[in-house]
Each structure stands twice: as C-alpha cells, then as structure tokens.
Amino acid sequence: MRRWMRTGWLALALLTAGAVGAVAQEEALLGAVDETLEAVEDPLEAIQLNLDIVLTLVAAFLVFFMQAGFAMVESGFTRAKNAVNIMMKNLMDFSIGSLAFFIVGFGLMFGAGNGWFGTTNFLLSGADWSGGEWNFPFLIFQTVFAGTAATIVSGAMAERTKFTGYLAYSVFICAFIYPIFGSWAWGGLLDGGGWLEGLDFLDFAGSTVVHSVGGWLALAGAMVVGPRLGKYGPDKKPRAIPGHSITLGALGVFILWFGWFGFNPGSHTAGDGTLGRIAVTTNLSAAAGAIAAMFTAWGLFKKPDGSMALNGALAGLVGITAGCDVVSGMGAIAIGLVSGVLVVFSVLFIDRVLKVDDPVGAVSVHGVCGAWGTLAIGLFGLEEGLFYGNGAGQLGIQALGVLAGFVWAFGTGLVLFYAIKKTIGLRVSPEEEALGLDIGEHGMEAYSGFQIFTTQ
Amino acid sequence: MRRWMRTGWLALALLTAGAVGAVAQEEALLGAVDETLEAVEDPLEAIQLNLDIVLTLVAAFLVFFMQAGFAMVESGFTRAKNAVNIMMKNLMDFSIGSLAFFIVGFGLMFGAGNGWFGTTNFLLSGADWSGGEWNFPFLIFQTVFAGTAATIVSGAMAERTKFTGYLAYSVFICAFIYPIFGSWAWGGLLDGGGWLEGLDFLDFAGSTVVHSVGGWLALAGAMVVGPRLGKYGPDKKPRAIPGHSITLGALGVFILWFGWFGFNPGSHTAGDGTLGRIAVTTNLSAAAGAIAAMFTAWGLFKKPDGSMALNGALAGLVGITAGCDVVSGMGAIAIGLVSGVLVVFSVLFIDRVLKVDDPVGAVSVHGVCGAWGTLAIGLFGLEEGLFYGNGAGQLGIQALGVLAGFVWAFGTGLVLFYAIKKTIGLRVSPEEEALGLDIGEHGMEAYSGFQIFTTQ
Amino acid sequence: MRRWMRTGWLALALLTAGAVGAVAQEEALLGAVDETLEAVEDPLEAIQLNLDIVLTLVAAFLVFFMQAGFAMVESGFTRAKNAVNIMMKNLMDFSIGSLAFFIVGFGLMFGAGNGWFGTTNFLLSGADWSGGEWNFPFLIFQTVFAGTAATIVSGAMAERTKFTGYLAYSVFICAFIYPIFGSWAWGGLLDGGGWLEGLDFLDFAGSTVVHSVGGWLALAGAMVVGPRLGKYGPDKKPRAIPGHSITLGALGVFILWFGWFGFNPGSHTAGDGTLGRIAVTTNLSAAAGAIAAMFTAWGLFKKPDGSMALNGALAGLVGITAGCDVVSGMGAIAIGLVSGVLVVFSVLFIDRVLKVDDPVGAVSVHGVCGAWGTLAIGLFGLEEGLFYGNGAGQLGIQALGVLAGFVWAFGTGLVLFYAIKKTIGLRVSPEEEALGLDIGEHGMEAYSGFQIFTTQ
C-alpha cells in the first residue's frame with residue numbers, strides 16, 4: 001500500500017520534472033530512493049522490536065521459574081514439618097505480589113514521577129488492551145522481578161512466622177517498598193529518571209535493587225520475628241538445624257542458576273550480541289562462587305559442606321548481577337570468588353555474632369553479596385575495555401546506592417514487621433512451632449506416610 | 001544474484017528509454033525502485049517467519065516440560081506406594097501419544113478435511129524431510145498439546161488403574177479423541193475449518209479443546225474405574241487420602257505455571273507484541289486463582305489448605321486459556337477469581353455429591369474451569385477495547401462449543417473405558433491396590449530405604 | 001547516516017550525469033539503487049544474526065538445565081546416604097568445568113590449530129569485552145556441552161568415589177580430554193577443521209563427541225574404582241541396589257528431555273526452519289526409546305520396569321543426537337526403537353558379563369547408544385530426500401569416528417583414573433562407603449529427620 005502511494009508520488013514528481021527540467025528530475029530521483037529506504041526501515045525496526053519482545057518474554061518466564069527454585073531451596077534447607085508452609089508462602093507472595101505490582105507497584109516504579117516515585121500508569125492504565133505493545137512484555141518482566149525480591153524474605157523468616165502476618169508483608173513489598181526504591185535506580189527506563197540514576201549509579205540487573213533490598217528486608221524480618229525455638233541454647237551458642245532434603249535444595253539452586261540466565265541477560269531487554277557476554281560473565285561468577293565457598297568451608301570445617309557450596313553458587317550469581325554487562329571474564333571470576341568467600345563468613349557472622357537466625361542464609365546471599373556486587377563495579381567495571389577512569393568516583397556512587405538500599409529496605413522493613421507484630425501478629429505459638437507450621441497453619445502434613453522424627 | 005538480474009533489466013530499460021523518450025524512462029525508474037522494495041520484502045518476511053518459528057519452538061519446549069509438572073502434581077498428591085506407576089503412566093502417555101499423533105492424529109486434526117476430521121498429512125506425508133519448513137515446528141507444538149490432553153486423565157484414575165488398560169487408552173486419545181475434536185475447533189489453521197470454527201467459536205489456547213476434553217475424559221475414566229479402596233466408607237462418606245509429598249506437588253504447580261507461558265503465548269505462533277499481553281493476562285489469572293481458592297478453602301475449612309491453593313493456581317491458568325488474547329487485566333483477574341472459587345466447590349461437589357473419586361482434582365481443574373474459561377469469553381472478551389457487541393450471541397456459541405466438548409469427550413471416554421474394562425481390564429486386584437501399584441505393576445518401590453507406612 | 005552519504009554521492013553523480021550525458025546518468029541511477037539494496041542488506045543480516053544469537057543462548061540455557069536433570073537421575077537411582085555427595089559432584093564438575101573450559105578448553109577445541117588441537121583463544125583472548133559479539137554466545141553454548149560430557153561420569157562412579165579424586169578428574173575432562181576430541185570433529189566451526197571433519201565424519205549434536213566420550217570415560221572410571229560393596233556377592237552374581245527416589249529420577253529424565261530440545265536444535269546455532277525438523281526427530285526417537293525399553297524389559301522381567309523405561313527415553317535421545325538433522329520421522333523412530341532395546345541388553349551385559357558396576361546405566365545410555373546413533377547416520381541419513389548414496393562409505397567413516405572416540409576417551413580415562421588412584425586416591429574406605437559418603441565426605445545427611453534404613 002505504502003509502495004503504491006510512493007510510486008504515485010514519484011510518477012507525479014517525474015512528470016513535473018519532465019516539464020521543469022533536469023534538476024527537478026534529479027531531486028525526484030533522490031526522493032524516491034530515500035523513500036524506498038525509509039519504507040524498508042520501518043519493518044526492519046519492527047522485526048528487531050519483535051525479537052526484543054520475544055527475548056524479554058522468554059527471560060521473564062525463566063525468572064518466573066526462579067520461584068520454584070526459591071521454594072525448593074527454602075524448603076530443602078529447613079525441616080519437613082514446615083514444608084507446606086514454605087510452599088504456601090512462596091506461592092502466595094508471588095500471587096499477591098503479581099496483583100499488587102500490577103495495581104500499584106508498576107505505576108510507582110515506572111510511572112512519570114518526581115525522582116522519588118511515579119504517579120501514573122496504575123493498573124497499566126493507558127495500555128491498549130486490544131493490541132500488542134511493548135508495555136506488556138515490560139510489565140511481566142518487571143512483575144517477576146518484584147516477585148523475586150518478595151520471596152527472598154520467606155527463607156529468612158521460615159519455620160516460625162505466622163501465615164497471616166506473612167501475607168500482609170507480601171502486599172507491602174510489591175506494592176510499595178520494592179517499587180519505590182526501584183524508581184530511584186531504574187524508573188527512568190520509562191520516565192526522566194530517579195535520583196540515583198541521576199548520579200549515574202549502576203546496577204544492571206539488580207544486585208542492589210532486587211537482591212539487597214530483599215536481603216535487608218529479610219534481615220529486618222528475621223530480627224523482629226526472633227530466632228527459632230532451640231536455635232540458641234541457654235549459653236547463647238547457635239545450634240545447627242539441618243534441612244530435610246538437600247536434593248530438593250540442590251535442585252532449587254540449579255533452577256535458580258537456570259533462571260538467572262533470564263534475570264541477567266534478560267535485563268538487557270534487547271535481542272542482540274550483548275546477551276552472550278552477560279551470559280558468560282554470569283556463569284563464570286556462579287561457578288567461581290561455588291568453588292570458593294566450598295574451599296572456604298572446607299578450610300573452616302575440615303569437610304566440603306554441601307549447603308555452603310550451594311549457597312556459594314547463589315552468592316556468585318547475586319554478586320555478578322549488578323556488573324554482568326561491564327566486567328570481563330576474569331573480572332567475573334574475581335567477583336564470584338570474593339562472593340563465595342564472603343557468603344561463608346557472613347553466614348557465620350550473622351549466626352554467631354549478630355545472633356540473627358536466618359535458616360537459609362538469605363541475608364548473606366542476597367543482602368551482603370548484593371552489596372558487594374554493586375560495589376565491585378567500581379573495581380572491575382570496564383569502559384571501552386579499560387577500568388573506569390573514575391574508579392574511585394564510581395565506587396563512591398556505588399557505595400551511596402548500596403547505603404540508600406540498606407537504609408530504605410531495612411528501615412521500612414523494621415517499621416512494617418513491627419507494625420504487623422503489634423496488629424496481626426508475626427509469630428506462631430511455641431506449641432505450634434514445635435509441632436510444625438504445616439499442621440498448625442494449614443492442617444496438613446507435607447510427607448504423609450513417611451516416618452519423620454517430629455522432635456527434630 | 002537477484003540484484004544483478006534486476007540491474008541488467010534496469011539497464012536495458014534505460015537504454016530503451018533513451019530511445020523512446022522520457023515516459024518510458026520514468027516507467028523504468030518506477031519499476032526499478034519497486035523491484036528494489038520487493039527484493040527486500042522477501043528476506044524481511046523470511047526473518048519474521050524465522051522468529052515465529054523460534055518462538056513457537058521455545059513455547060513447545062515449555063509445554064513439553066509441563067509433562068514433568070503433571071508427573072510431580074499427580075505423584076505428590078497421591079500415596080508413595082503408587083509413585084512409580086504415576087511416573088510410568090506420565091512417561092508412557094506422552095511417548096505413545098507422540099507416535100500416535102505423528103502417525104494418525106495430526107492428519108485427522110489438521111489435514112484437509114470435511115469439517116469433522118482431516119484425511120491427509122498422516123505421518124506428516126508431504127513434508128520435505130531434507131529441509132526446514134513451518135510444518136515441523138507446528139507439528140511439535142501440536143504434539144505437546146495432545147500430550148497435555150492425554151496426561152490430564154492419569155491423575156483422576158491414579159492409584160487403582162491397570163497399567164495395560166492405561167496404555168490402551170493412551171493410544172486412542174492422541175490418535176482419535178483429541179484430534180477429532182481439535183479439528184472441529186482448530187482444524188482450519190491449515191484447512192478450510194471445522195464446524196465449530198465456522199460458527200466463530202473462540203478458544204484461543206484450548207480451555208475446551210485441550211483441558212475440558214482431558215477433564216471430561218478423566219471424569220469418564222474415574223467413573224468407570226470406580227473409587228479407590230477406602231475412599232468411601234460403609235456410610236458412603238468420603239475419606240481424605242493425603243498425598244505423599246506436597247513439596248513435589250508444589251514443584252509441579254510451579255513447573256506447570258512456567259510451562260503455561262509456552263502454552264498460552266505460544267498459541268499465537270508468531271513472535272510479536274501480542275505475546276506480552278497474553279503473558280500478562282495468563283499470570284494475573286493464575287495469581288487470582290491461587291488467592292481465591294486459598295480464601296475459599298480458608299472460609300470453608302478454617303485453615304488455608306495447601307492443595308486447594310495450588311489447585312487454584314492451576315484453575316486460574318485453565319480458566320484464562322481460552323480468552324487470554326481477548327480480555328483485559330481486570331478481566332483476567334475476574335476469570336481467575338471465579339476459577340479459584342469454582343475449583344474448590346467443584347472438588348467438594350464431585351467428591352461428596354457425585355461420589356466420583358478424583359485423587360488430584362483433575363476433573364474440577366481442567367474440565368470445570370476449562371468450561372468456565374470458555375464461557376467467560378462471552379462475558380469479558382473485548383473487541384477493539386469494547387465488550388463483544390454480540391455478548392449474548394457469543395456466549396451462546398461458547399456454550400455450544402463447551403457442550404460439544406463434553407458430549408464428545410465424556411461420550412467417547414465412557415465407551416472407550418468400558419471397552420477396555422471388558423477386554424484388557426481397567427482395574428488392579430484389591431490385593432495389589434492395597435500393596436501399591438509400584439510393587440504390583442512394576443516390581444519396584446519408589447522410595448527404597450525409607451520407612452513408609454504402607455497401610456496408609 | 002549511511003543514507004545521507006549515499007544521497008550526496010548520488011546527487012554528485014547526477015549532476016555529473018547532467019554534464020556528460022545520458023549514459024552516465026543511467027549508471028548513476030543503477031548505482032544508487034544498488035547502494036539502497038546494500039544499505040538494507042546489512043541490517044537484515046544483523047537482525048538474523050541477533051535471532052541466531054537469541055536462539056543459541058536460549059538453547060544453551062536449556063542445556064545448562066540438564067545439569068539439574070543429571071543430578072536428579074543420578075541421585076534418584078542411588079541410595080539416600082550418598083545423595084549429598086552426588087549433588088556436590090554435579091555442582092562441582094560443572095563449576096570447575098566452566099572455569100577450565102573458559103581458560104583452556106575452548107582454545108584447545110576451537111582455536112586455530114593443526115587438525116589435532118587448537119592453540120589460540122585461551123581465556124577467550126581476542127574477544128572484545130566491551131561489546132556484544134558472536135563468540136560469547138558460542139562460548140557459553142560450548143561450555144554447557146563440555147559440562148554435559150563431564151557430568152555423565154558422575155553417575156557411573158557414584159556411591160564409592162573419593163570426592164577429591166573426582167574434583168581432579170573434573171579439571172582434566174573439561175580442560176583437555178573433551179576439547180581435544182571435540183577439535184577433531186567440530187573444531188572447524190571456527191578453524192580449518194580437525195582430522196575427523198576432514199573425512200566428513202558426521203555427528204551433528206554430539207552422540208559421539210559429547211555422549212560417547214562421556215560414556216567411555218565413565219566406563220574407565222567405573223572399572224578403575226571397582227564395584228560398590230555388596231554389588232557382587234561371593235558367587236560373583238550381581239545384586240540389585242535400588243535407588244532411593246524414582247520420582248526424582250523421573251523428574252530428572254523429564255528435565256533432560258526438556259534440555260535436549262536445547263541440545264539438538266540449538267546445535268544448529270541458527271534461528272530458522274531447520275530447528276523444527278530437529279525438534280520433531282528428537283522427540284520421536286525419545287518416545288520410541290522409552291516404549292522399546294519398556295517392552296524389552298517387560299519381556300525379560302515380566303514387569304514393565306520403571307528405571308528401564310526412563311533409561312530408554314534417554315537412550316533414544318542420545319541415539320538421535322548425531323543424526324537428528326539428516327533423518328526422517330520414520331528414521332528417528334527406528335533409531336529410537338533400536339536404542340531402547342540396546343540400552344536394556346547393554347545394561348545387563350555390563351552388569352552380568354563385564355561385571356562393571358554402573359549404578360545408573362551411564363555407560364549403556366551414553367556410550368553404547370551414542371555409538372549406535374553415530375553409526376545410524378550411515379543407515380538412515382538422508383541427502384536430498386534419499387539415503388546416502390555412499391551409505392556403506394559413510395558407515396565406515398562413522399565407525400572410524402566411533403572407534404576414535406572410544407580409543408581416545410577410554411584410553412585417556414584409564415590413564416587419568418589410575419593416576420588419580422595412585423596419587424590422590426580414587427575410593428573411600430569401606431567403613432565410609434557403608435556409612436554413606438554424605439556423612440563421610442561432607443559431614444551431613446541429605447534427609448535429616450527421615451527414618452532411613454542405612455544398612456540398605
């Protein structure tokens with residue numbers, strides 16, 4: 001259709017040219033060729049956009065699948081008597097989070113705003129529901145990110161948190177806490193930009209925006225709800241409470257690693273060669289993290305502990321998330337190695353020194369290694385093949401972003417969990433905790449028919 | 001190559017033009033520019049087709065993975081002593097189904113036909129096995145859909161069905177029952193169209209074509225095979241028989257939700273922006289379904305039951321499948337909420353009133369919510385942003401399709417399962433059922449080394 | 001930008017043409033139209049390349065996920081007391097392998113070489129870490145392939161291998177053994193080609209390069225480490241040692257089948273219609289393998305054994321891997337059927353005649369069926385719709401490649417495992433083996449709280 005319009009125009013131009021002479025004819029010729037190119041460029045751009053959409057959606061689906069990974073890690077590393085409760089918390093924080101982010105969160109995070117939060121696009125208003133547009137793939141990609149931040153908290157508060165209290169928390173993180181911080185660092189994807197973006201704070205796929213925010217909320221939650229019964233004896237020394245299925249825990253880690261190939265490359269939201277480099281750095285850091293954590297634990301405990309190695313892989317993944325697009329392969333390995341060492345010492349520090357009971361190590365993996373990974377851009381980030389000229393300057397900006405993430409998430413987390421504690425209640429009774437939350441909260445067992453030591 | 005041919009032609013045209021004057025020259029110029037555009041349009045279309053193929057294949061792979069989800073849900077929600085049997089049934093219905101659909105089913109469903117079934121393309125005859133073509137991606141996508149319909153039945157007949165009888169059933173559903181109904185509603189994708197298509201019956205990704213057909217077959221199977229021993233006491237009251245692994249069941253639900261992102265968006269079979277909107281409505285309905293089922297069960301049983309919430313997510317997914325491309329976000333939430341409430345009451349109705357023993361709730365999830373989702377297009381479907389002008393008319397057409405699905409699937413199912421019962425046999429002996437089908441049918445245990453109460 | 005340069009050039013040409021006459025003007029016109037086409041062809045090629053990259057990456061992610069499949073299959077088919085050890089071996093062989101392949105292996109396999117190994121591109125030197133390039137997607141795709149070869153060995157050596165010895169092995173396979181053989185058959189993807197490529201040896205996705213190499217290394221490892229305690233009694237007859245979770249084993253098989261849709265289609269490394277045909281043949285062979293193995297086992301043991309059917313699906317997948325792009329649907333079914341029969345007899349032969357203890361059947365699935373699939377190209381491969389004109393000739397070349405794979409992998413495997421045995425040590429103490437490697441090697445249990453018969 002477009003072609004015939006152009007052809008008609010060209011014919012007219014040429015007829016005119018015949019009358020007014022050679023100069024006009026040349027111009028007509030030039031115009032025709034230009035129009036030809038333009039007529040082709042639109043479909044070219046449309047096809048590349050379609051490819052970007054397909055890539056972003058496939059990545060979003062992989063990130064969604066991380067929910068299964070979290071559910072397996074968190075239940076595998078805790079006791080059988082609380083497994084149903086963990087499944088329900090993971091199912092519900094994503095379900096409630098999906099609605100809350102659609103209704104409120106997406107608008108707060110990406111709506112046109114004031115640098116501190118957005119004020120438009122609630123309920124995806126403005127979207128054309130009769131046709132396909134870029135905003136739908138973007139919404140689903142951002143929804144599964146919000147869901148990831150939400151579900152991190154579940155593990156740290158496992159085995160003693162009241163189900164209704166947890167449901168209340170789920171609403172607030174996806175509707176307010178995560179989106180508002182997100183708008184500071186990423187809001188400018190659609191809008192003029194948040195205040196951290198204005199300072200050139202870099203966090204490509206969310207070491208801070210997603211993982212540290214989730215991790216510091218988890219820290220607040222674990223502190224407010226208090227340690228599990230029997231975790232700290234009368235001598236205040238921590239006791240190990242082993243998980244009920246390391247196979248499910250390991251399956252969860254493999255699923256999370258798999259999903260991270262959506263998380264990091266997908267954050268590019270474009271289908272091109274940059275994706276490959278991000279996949280390579282992501283994989284190298286995860287591998288280095290697993291190796292470093294295993295050897296660190298081996299040195300400390302004389303045995304290559306399974307949970308530490310698995311957490312090391314996750315630590316490497318969290319660590320590389322901020323800088324996966326700006327570091328080299330060796331930089332990625334370095335970030336992963338440090339993450340793997342760091343996660344072991346952080347788990348011990350939180351367990352033994354802070355005496356905060358985090359059953360799955362969520363604060364160390366997501367909070368601490370997220371902060372490390374964000375800072376690491378100042379150390380290992382490359383610009384046109386060289387380390388950041390303003391390395392020290394960038395490091396300072398990164399530190400500011402990390403600090404802002406901690407203050408916001410830990411601060412709002414303390415307020416939120418105290419408020420829940422004083423109203424709905426945050427913790428089950430000691431009797432219910434001893435019996436297990438599966439019976440107490442949900443009236444069912446996870447492993448009916450199996451002989452399980454419930455005293456455990 | 002094409003370029004040089006065109007150039008030569010253009011040179012000739014211009015030389016001629018020089019002889020016969022300005023008018024001919026203008027025509028030659030027009031022709032040359034048009035040919036340029038045409039030479040570009042072919043590769044453009046080829047690349048978009050390649051993208052459509054990649055999208056369709058990735059979606060098919062995700063739908064294949066739903067087989068793992070069904071296997072986990074069905075085994076997790078039943079007893080440990082029958083877990084091997086469930087794995088084998090799931091493995092085999094897909095394996096047998098893949099061959100049967102390739103040899104017979106695909107031709108019946110998509111071959112050139114008479115409005116009631118196709119009669120060409122058996123064994124994919126006509127396909128060029130030496131090169132890449134669109135029919136291969138389409139075949140694998142349709143094969144995994146047929147496999148989904150087939151495997152739904154496995155759960156409803158779990159824990160008492162003879163393995164040989166189940167194998168016989170697998171052949172018939174993928175070779176005949178599913179493809180023939182499919183040709184009524186979808187056959188026109190390749191051909192002139194089936195009779196339901198002719199009436200403008202809408203079922204985008206198969207709430208009726210796949211899920212209700214599977215669900216009503218499951219109902220027929222569960223009725224013919226009868227309830228499990230001990231399910232209904234002498235007083236005819238149902239007894240709960242808890243599943244052996246809610247973690248595996250929940251993992252299965254997460255896998256199914258993940259796979260549904262292939263099922264619904266993939267049914268668009270084109271890589272463009274429409275996919276995003278389908279992913280958004282699919283996710284919102286699943287989330288709403290989980291929430292609604294949890295609160296419904298909470299109200300009825302005073303506790304937020306885990307199995308009901310998990311089935312609620314599946315109910316929301318089944319419900320949105322028909323209309324995922326024509327409803328808004330709020331419409332999707334409404335469909336999901338109704339699905340979540342409906343599945344709980346349907347499970348209770350089938351269990352307590354119909355007294356049909358469906359161990360995993362397959363009839364309610366797939367049959368009932370599939371019917372609901374198909375009807376819901378008449379209520380929530382949008383056309384150019386408005387509700388269907390002919391809302392009532394469309395609702396009637398949808399109801400006709402739902403009814404046709406029920407009559408066909410339940411009817412052929414009754415005949416098939418009775419025929420198997422009278423020939424091969426459909427049910428194991430009471431002794432074998434008490435001992436477990438793993439030992440009886442397969443000579444092995446699922447959990448060797450674990451202490452399990454086999455009386456359970 | 002390019003457009004304006006061309007336009008300027010065209011204007012100049014036309015102005016000149018006005019001076020020197022009609023012939024020059026015609027040439028200018030021709031040139032302008034040609035340049036238009038060229039200006040469009042670059043973006044067209046760039047978009048297709050982007051699509052190729054997206055396809056290759058998504059495929060690589062699916063292949064990565066096969067690590068979870070191997071972990072589930074290997075742990076599910078062995079005893080609960082060694083499950084942590086299997087998780088750790090799977091996690092670590094991929095982690096160590098990822099670094100080793102990045103640092104050394106990729107260069108040996110794909111660097112410019114001498115037909116026997118590559119000598120450039122170590123540490124991906126030469127890659128531009130500031131931008132997106134094809135070499136990154138290719139590296140990650142090849143890394144996950146190397147990881148697959150590495151992890152095959154884990155299952156065959158399960159339940160008695162010393163962890164440190166296994167770590168040492170992991171370095172060598174991904175750094176040297178796999179890449180050197182790979183360079184013989186596939187090195188020419190980047191370079192002039194290895195010696196097997198020069199002979200037109202065909203192995204599309206690695207029946208020999210990946211699976212047989214892994215399988216023969218597994219055979220060497222299982223022979224050197226010796227059978228598990230109690231596997232062969234004083235009468236030398238084999239005893240069945242049942243696995244601890246057939247549900248996890250089956251989940252693993254479904255995950256592997258899913259991942260194989262990345263393995264085989266992804267090996268095309270281009271996003272076009274050929275992918276669909278590869279997906280179809282892959283699925284048909286897997287289905288046929290499962291069915292054939294089930295019926296074979298049924299005939300031999302009078303019951304449809306679950307592990308054999310599951311291994312049959314894997315056998316069909318391994319068998320089709322070499323020829324998935326050159327056989328028809330019926331050819332794929334034939335390859336799968338033979339694979340399914342073969343794997344059952346091979347498992348029995350290795351177990352009863354060779355008396356090599358391979359707990360999960362890895363040698364039969366990957367080694368034997370990989371060899372069969374490679375040979376099968378000579379029987380079922382099509383060229384332009386016809387069987388290979390040089391069928392016998394091709395069969396000979398395929399046999400040579402299969403033999404080379406066996407000699408190389410089994411030979412280097414024997415040397416490597418003997419060297420490890422004499423230095424680090426390859427086997428745990430009998431006391432540790434009886435207690436389980438989870439406690440002995442890692443100081444933890446897989447299923448804390450469950451009552452498990454450790455004598456088992």
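Naming convention: chains lettered A, B, ... in sequence-line order (proteins, then strands); numbering from 1 in each chain.
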Problem set entry | chain C contact via Val54(A) - side chain, backbone, both or neither, heavy atoms under 4.5 Å | neither
Problem set entry | Sub-4.5 Å side-chain heavy-atom contact between Phe450(C) and Gln451(A) | no
Problem set entry | Shortest non-hydrogen contact between Gly243(A) and Ser448(C), atoms and distance | O-CB, 3.2 Å
Exercise. What residue in Ala279(A), Ala286(A), Gly331(A) has the most heavy-atom pairs under 4.5 Å with chain C?
Worked result: Ala279(A)
Exercise. For chain C, which of Leu55(A), Leu44(A), Leu248(A) has the most heavy-atom pairs under 4.5 Å?
Worked result: Leu44(A)
Exercise. Can you find a pair of side-chain heavy atoms, one from Phe163(C) and one from Met294(A), that are under 4.5 Å apart?
Worked result: yes
Exercise. Where on Ile47(C) is there a heavy atom nearer than 4.5 Å to chain A: the side chain, the backbone, both, or neither?
Worked result: both
Problem set entry | Leu167(C) versus chain A, the contacting section by heavy-atom distance below 4.5 Å | side chain
Problem set entry | Beyond-backbone contact of Gln48(A) with Asn50(C), side-chain heavy atoms, under 4.5 angstrom | yes
Exercise. Where does Asn90(C) contact chain A at under 4.5 Å (heavy atoms): side chain, backbone, both or neither?
Worked result: both
For this session: Name the region of Thr281(A), side chain, backbone, both or neither, that has any atom closer than 4.5 Å to a heavy atom of chain C.
Result: side chain
For this session: For chain A, find which of Ile140(C), Leu139(C), Ile53(C) contributes the most heavy-atom pairs closer than 4.5 angstrom.
Result: Ile140(C)
Exercise. Does any N or O in the side chain of Lys303(A) come within less than 3.5 Å of the main-chain N or O of Met444(C), such that one atom is a donor and the other an acceptor?
Worked result: no
Exercise. Which bit of Ile103(C) is near chain A, if near means a heavy-atom gap under 4.5 Å: side chain, backbone, both or neither?
Worked result: neither
Seminar exercise, completed: dist Met88(C):CE -> Ser307(A):OG (nearest 0.5 Å) comes out at 9.0 Å
Side-chain donor-acceptor contacts of residues 253-261 of chain A below 3.5 Å, not counting sequence neighbours, with atom names and distances?
residue, atom, partner, partner atom, Å
Trp257(A), NE1, Asn283(A), OD1, 3.2
Trp260(A), NE1, Thr321(A), OG1, 2.9

For this session: Could you tell me which portion of Leu310(A) (side chain, backbone, both or neither) has an atom closer than 4.5 angstrom to a non-hydrogen atom of chain C?
Result: both
For this session: Could you look at Ser98(C) and say if it's the side chain, the backbone, both or neither that has a heavy atom under 4.5 Å from chain A?
Result: both
For this session: With a 4.5 Å cut-off on heavy-atom pairs, point out which of Ala288(A), Gly271(A), Ala250(A) contacts chain C the most.
Result: Gly271(A)
Exercise. If you check every heavy atom in residues 56-68 of chain C against those of chain A, which residues fall under 4.5 Å?
Worked result: Leu57(C), Val58(C), Phe61(C), Leu62(C), Phe64(C), Phe65(C), Gln67(C), Ala68(C)
Exercise. Can you name the nearest heavy-atom pair linking Met92(C) to Ala290(A), along with the distance?
Worked result: CE-O, 3.3 Å
For this session: Could you tell me which portion of Ile333(A) (side chain, backbone, both or neither) has an atom closer than 4.5 angstrom to a non-hydrogen atom of chain C?
Result: side chain
Exercise. Do His442(C) and Pro304(A) have side-chain heavy atoms sitting under 4.5 Å apart?
Worked result: yes
Exercise. Is chain C contacted by the side chain of Leu251(A), its backbone, both, or neither, given a heavy-atom distance below 4.5 Å?
Worked result: both
Exercise. Is any side-chain heavy atom of Thr247(A) closer than 4.5 Å to a side-chain heavy atom of Ile86(C)?
Worked result: no
Seminar exercise, completed: Whatever's closer than 4.5 Å to a heavy atom in chain C on Tyr447(A) counts as side chain
